[in-house]
Visitor: 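Quick one: the structure is below, and I'll ask about it shortly.
Just so it is clear: chains get the letters A, B, ... in the order the sequence lines come, proteins before strands, and each one is counted from 1.
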Amino acid sequence: MVNVMEFLTRLFGATEPSAKVAKQRLQLVLVHDRANLSPQMLVLLKEDLITVISKYLEIDEEGLEVTLDRSEEQVALVANIPIKRVRRPVSVAE
Amino acid sequence: MEARVIVITSGKGGVGKTTSTANIGAALALLGHKVVLVDADTGLRNLDGVLGLEKRIVYDVVDYLVEKACKLRQVLIKAKNCENLYLLPTSQTHDKDAIRPEQMEELCEELRSEFDYVLIDSPAGIEQGFKNAVVGADEAIIVTTPEVSAVRDADRIIGLLSGYELYEPKLVLNRIRPDMIRRGDMMDVNDVLDILGIPLLGLIPEDEEIIISTNRGEPVAFEQNSRSAQAFRNIARRIQGEEVPFLNVSDNGLWTRLKRLVGLGGN
């Protein structure tokens with residue numbers, strides 16, 4: 001019965017095959033391994049990003065997330081940066 | 001013929017390095033080459049057991065290289081039921097620091113003049129034992145299984161091998177379960193090749209015969225009707241330069257599935 005359920009959920013795409021999950025997990029972990037990019041380095045990168053972006057935008061520092069992601073063909077550095085408020089544009093001479 | 005020194009390595013333990021070394025060596029010997037299998041897993045030796053030679057060891061490579069207590073030919077043990085196949089056992093009582101990399105390099109050079117193929121069975125890990133195993137090699141074979149941890153370690157090893165000028169190691173994918181691949185529960189060879197990006201040397205299906213032959217201390221490569229034996233013999237032919245088609249261990253094409261559905265196809 002369990003197998004029938006598993007078959008049906010798979011048939012309708014409810015769960016991903018575990019081999020596919022394994023491959024995706026591997027591809028992501030190897031990005032870190034190969035780049036020698038440690039979690040500590042990501043934290044430092046995050047702090048620098050906050051400094052730079054804060055010049056232009058008021059951001060929610062607690063909610064900021066920086067991760068490495070892998071889409072079909074390439075690895076991307078993905079930053080999710082919640083904005084609180086756009087800083088008043090610097091006034092230019094009229 | 002110029003002798004070839006090939007290290008068999010993996011990073012992770014338990015993926016089948018020793019079994020692969022014994023069987024690739026046996027298959028090369030069956031093709032008429034003179035082969036020596038060097039056990040580089042000092043302190044945890046097992047190549048002797050896989051070949052059923054554990055009771056014949058008198059001297060080991062530490063006696064020869066470090067203690068200078070014997071001659072090289074006194075360390076070499078001829079395999080059972082096979083001309084051309086020899087074992088160079090290591091010590092079970094020393095640890096991996098007992099042998100220095102320079103001594104391993106000298107040993108490999110010395111073996112080149114006596115043999116066509118020198119196969120080195122590397123220990124797991126990336127420490128001294130690994131360094132000793134790779135330092136004298138011209139080529140490398142990486143054994144892995146279709147699992148996250150094994151493939152991750154293989155990737156690390158590929159990086160480390162380039163530090164020893166072993167730039168293009170070849171892959172042996174071991175313990176493949178076609179039934180699991182068909183269900184989508186095991187990565188197939190293309191998944192693993194995508195990730196590691198090195199050339200394929202062989203595909204070994206999971207096979208009870210390997211356990212049975214290891215129990216007996218006889219390489220499975222000598223068995224006629226086993227799929228894994230066929231896979232090891234194919235690897236040996238590819239090593240000597242032949243083009244041999246890969247065994248179809250993971251066919252998941254529509255045609256195969258249809259045939260299975262109507263009861264025509266087996267594995």
Visitor: Would you say CZ of Arg238(B) has more than 12 non-hydrogen atoms from neighbouring residues, nucleotides or ligands within 6.0 angstrom?
Guide: yes

Visitor: Counting neighbours of CD on Glu242(B) that are heavy atoms of other residues, nucleotides or ligands and sit closer than 6.0 Å, is the number greater than 12?
Guide: yes

Visitor: Work out which heavy atom in Pro17(A) is nearest to a heavy atom in Gly184(B); give both atom names and the distance.
Guide: CB-O, 3.2 Å

Visitor: Do Arg34(A) and Asp155(B) have side chains that get closer than 4.5 Å, going by heavy atoms?
Guide: yes

Visitor: Is it the case that atom CG in Asn215(B) sees more than 12 heavy atoms from other parts of the structure closer than 6.0 Å?
Guide: yes

Visitor: Looking at CG of Leu30(A) and CG of Leu196(B), how far apart are the two atoms once the value is rounded to the nearest 0.5 Å?
Guide: 7.5 Å

Visitor: Less than 4.5 Å to any heavy atom of chain A: does that hold for the side chain of Met186(B), its backbone, both, or neither?
Guide: backbone

Visitor: Can you see which heavy atom on Asp185(B) is nearest to which on Ser18(A), and at what distance?
Guide: OD1-OG, 2.7 Å

